[in-house]
Number of protein chains: 2
Amino acid sequence: MKNQKRTTIYDIAKKLNLNASSVSRALSNNNNVSAATRELVLKTAAELNYKQNSLASNLRRGHNKTIGVIVPHINQNFFADVIAGLEEVTYQQGYNLIICQSNESYTREVESVNTLINQHVSCIIISVSADFEDDSHLRNILAQGIQLIQFDRVADNLETFKVVNDNERASMEAVSHLITQGYQRIALLEGPQNLNIFKQRKDGYIAALKKHNFEVLPELMIENAWTKELGAIATRKLLNMPMPPDAIFASTSDFSALGVLEVAHKMGVMVPEKLGICGYSNEAFTEITTPSITTIDQHSVDMGKTIANLFFQEMGSEKEVRPKIVNIQPKLIVRSSTLKNKLGRSVR
Amino acid sequence: MKNQKRTTIYDIAKKLNLNASSVSRALSNNNNVSAATRELVLKTAAELNYKQNSLASNLRRGHNKTIGVIVPHINQNFFADVIAGLEEVTYQQGYNLIICQSNESYTREVESVNTLINQHVSCIIISVSADFEDDSHLRNILAQGIQLIQFDRVADNLETFKVVNDNERASMEAVSHLITQGYQRIALLEGPQNLNIFKQRKDGYIAALKKHNFEVLPELMIENAWTKELGAIATRKLLNMPMPPDAIFASTSDFSALGVLEVAHKMGVMVPEKLGICGYSNEAFTEITTPSITTIDQHSVDMGKTIANLFFQEMGSEKEVRPKIVNIQPKLIVRSSTLKNKLGRSVR
DNA sequence: TTGTAGGCGTTATCAA
DNA sequence: TTGATAACGCCTACAA
């Protein structure tokens, strides 16, 4: 368990009466070494249980086969899935992932960026925190010659590679679906508006209402209702209004939608007959609630893969590449919680 | 975006007519430098946007403030939670986390171990894959002088630091609870028995039966039913037996329990009246199924914190420390799916 | 095909 | 308190 010395290429060289450079060449198989020495070196390396020191190798070569990832929370399904997708691809390419969570704190986000810069990672992949203040730390990444990909929650004013969901369109589709189902007064649960994704979802909601000539009613749009608890509180308030909504679009998350559902149950409001509910994210549980919840799938694992592929395929070249924005189309998953017409439709 | 040179301590030194070593001292604030030069150095470093090169620093100092983590899947709640807990503590200590997922493959696990050894991480934290073959790669970690902590799924024959759940006791408690509720024929859904955690859960099941003088019936113990789909198939088989069970303990996971519940619904078997169901893990959805599912909470985020604290508090010292095993007590969460007596009890 | 030498950026040791 | 120098382990021109 002690800090004993590890075997280096010098140890191998000494044992074989070779020079360290020959050993190095033999180990990095692309160079010119005689087959005999290569074999000898490999054999001895195995015997001495040699492991390369990546620190030295990376320092010498000036780059690190490592990618840094910063997310608000590692253990939220969406982010965990994206990371799993990322890991899948980066692993294939022999890259490692260093993971940081900002805990929705701007300070921690900045600190994490600095650590990753210090580590000389090849690329930083980030989804910004909820109390995002300004993008100077992100600009700094670029200034240090490190690649940058933003995903999901991105800084609008900074031109970098981005992989995002088409939040506005998905929202529009969800609200249009509600309207088609015959809901008349559709409320919106909003997330923090300093995050662009939540702004876009709100925009989609408004666009859908306008498209169908529905009035946009400020009293039906509840700010900052992005957890289960806040969703529940908002719902109680909404359902106690003189003219309550007959549908609620929890644009922030399925957790928020779950809060809506629980309050509806407690208040004896029938779902979907008297209240339609639509969530966002396609969390596993939306399939098994009673009724199951209509929601929007973000293809999170694929998103991770897309991000990684972007790096390996489009950002590797030395020439200046114009930042590209990849827009992933989320998918509306219609379930029971919004199927007001289901009885009518199933009868001939 | 180009690979321009980053500023080094030499750049700062040159600008200030100092020696690089003085700059180094000034930046690592513990050494003896005059207050004046320190201030000057810090100011210039900020001006030139200096970032330390951790690769060089770690190479020189011979250790890396980085911890490697290997789990079967990053995006499974239990592991994601453990990682979140780990990150929380390691971040406080200025350590980074490199994350690998083995995808339940032994080969990938071995490869990941090697990468982490190459990276000279200070510690490797691992939960082994389902097709775990032998522990030579783990022994290699120790042979390289790297700390090793196993958690949850551990190699029994290898003496290292370990943080585990008391699976056997939790299982015993769950089955005893079922018996107390009046269930008479309790089936077990098992996980792969080459993983110790699943063996322990089976042991707990058997121990509970014996303790209450119940017969242990092989036909009620279904091997390898550890996903939702396999759980469903097993349930169909069980419920179609001449003498079907009146309770099923899905010892592998809540997903498996979910499979049980869905089949029960489809076959019209009342839960909990005709069939009691108990899962394992306390996944978020167990609270909101109909009926809600009795399960076992593993304190996963705390487990991550415990692991990290073990490393920082007990493994830092230079002297040989005897590996310690921390046993975390899981908690039985009783919900509707096993409350056969609930009606009886709520009546006075 | 192999050996020599220098350097990646930092820190530790010694001397001044 | 500061400067000079070597070394961490590896890679890569260049020379032999």
Side-chain angles (χ1 to χ4, degrees), chain A residues 3-42 44-45 48-66 115 117-122 144-145, chain B residues 3-42 44-45 48-66 115 117-122 144-145:
Chain A
N3 229 10
Q4 79 276 33
K5 269 248 183 325
R6 292 172 32 163
T7 64
T8 70
I9 51 174
Y10 283 97
D11 299 322
I12 301 177
K14 199 182 295 171
K15 181 152 188 189
L16 295 178
N17 274 324
L18 272 174
N19 190 282
S21 57
S22 297
V23 176
S24 172
R25 278 188 283 260
L27 291 172
S28 60
N29 39 358
N30 50 347
N31 268 352
N32 4 8
V33 204
S34 77
T37 41
R38 156 161 308 136
E39 205 168 327
L40 216 55
V41 167
L42 291 180
T44 322
L48 299 181
N49 201 4
Y50 168 78
K51 302 279 171 190
Q52 192 198 49
N53 184 334
S54 306
L55 294 175
S57 166
N58 291 332
L59 172 61
R60 175 59 233 256
R61 296 205 315 244
H63 80 278
N64 194 342
K65 290 183 94 170
T66 298
T115 324
I117 292 177
N118 290 353
Q119 291 284 340
H120 268 234
V121 295
S122 312
Q144 300 284 345
Chain B
N3 230 9
Q4 79 278 36
K5 270 245 183 327
R6 292 171 30 163
T7 64
T8 70
I9 52 173
Y10 282 96
D11 300 322
I12 300 176
K14 198 183 295 171
K15 182 151 187 186
L16 295 178
N17 274 324
L18 272 174
N19 189 283
S21 55
S22 296
V23 175
S24 173
R25 279 188 284 260
L27 291 171
S28 59
N29 38 0
N30 50 348
N31 269 351
N32 2 8
V33 204
S34 76
T37 42
R38 156 161 308 137
E39 206 168 324
L40 216 54
V41 167
L42 292 180
T44 324
L48 298 181
N49 201 4
Y50 167 78
K51 302 279 172 188
Q52 192 199 49
N53 184 333
S54 304
L55 294 174
S57 169
N58 291 332
L59 172 61
R60 178 60 236 251
R61 295 206 317 245
H63 80 277
N64 195 343
K65 289 183 95 170
T66 297
T115 324
I117 291 177
N118 290 354
Q119 291 284 341
H120 269 235
V121 295
S122 312
Q144 300 284 346

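All chains are named by letter (A, B, ...) in the order of the sequence lines, taking the proteins before the strands, and each is independently numbered beginning at 1.
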Name of the residue among N118(B), N58(B), L55(B), L59(B) meeting side chain to side chain contact (heavy atoms under 4.5 Å, CB included) with N58(A): L55(B)

Donor-acceptor contact present, side-chain T44(A) to main-chain L40(A), <3.5 Å: yes

Atom-pair distance (NE2 on H120(A); P on dC8(C)), nearest Å: 13 Å

Nucleotide-resolved protein contact map, nucleotides 1-6 of chain C, B/S/- at heavy-atom distance under 4.0 Å: BBBB-B

Spacing of S57(B) atom OG and H63(B) atom NE2 [to the nearest 0.5 Å]: 8.0 Å

Over all atoms of both residues, closest heavy-atom pair of R6(B) and K51(B): NH2-CB, 3.9 Å

Polar side-chain atom of S28(A) near backbone of S24(A) as donor-acceptor pair, under 3.5 Å: yes

Whole-Å distance separating the CG atom of N118(B) from the P atom of dG9(D): 14 Å

Spacing of Q119(A) atom CD relative to dC8(C) atom C1', expressed in whole Å: 16 Å

Value in whole Å for how far the C1' atom of dT11(C) lies from CG of N64(B): 15 Å

Interatomic distance, Q52(A) CD vs dG9(D) C1' [rounded to whole Å]: 9 Å

Axis bend over the full length of the helix from dT1(C)-dA16(D) to dA16(C)-dT1(D), computed from five pairs that close each end, to 10 degrees: 40°

Distance in angstrom units between H63(A) NE2 and dC10(D) P, rounded: 16 Å

Nucleotide dG9(C), atom P - distance to CG of L59(B) in whole Å: 12 Å

Sugar-phosphate, base or nothing in reach of S57(A), heavy atoms under 4.0 Å: sugar-phosphate

Donor-acceptor contact present, side-chain S122(A) to main-chain N64(A), <3.5 Å: yes

Any L42(A) side-chain heavy atom under 4.5 Å of L27(A) side chain: yes

Validation row: R25(A), T37(A) side chains within 4.5 angstrom (heavy atoms): no

Whole angstrom value for the distance that separates P of dG9(D) from CZ of R6(A): 9 Å

Just list the side-chain donor-acceptor pairs under 3.5 Å for residues 7-17 of chain A, sequence neighbours left out, or say none.
{"unit_1": "T8(A)", "atom_1": "OG1", "unit_2": "Y10(A)", "atom_2": "N", "d": "3.1"}
{"unit_1": "D11(A)", "atom_1": "OD2", "unit_2": "T8(A)", "atom_2": "N", "d": "2.7"}

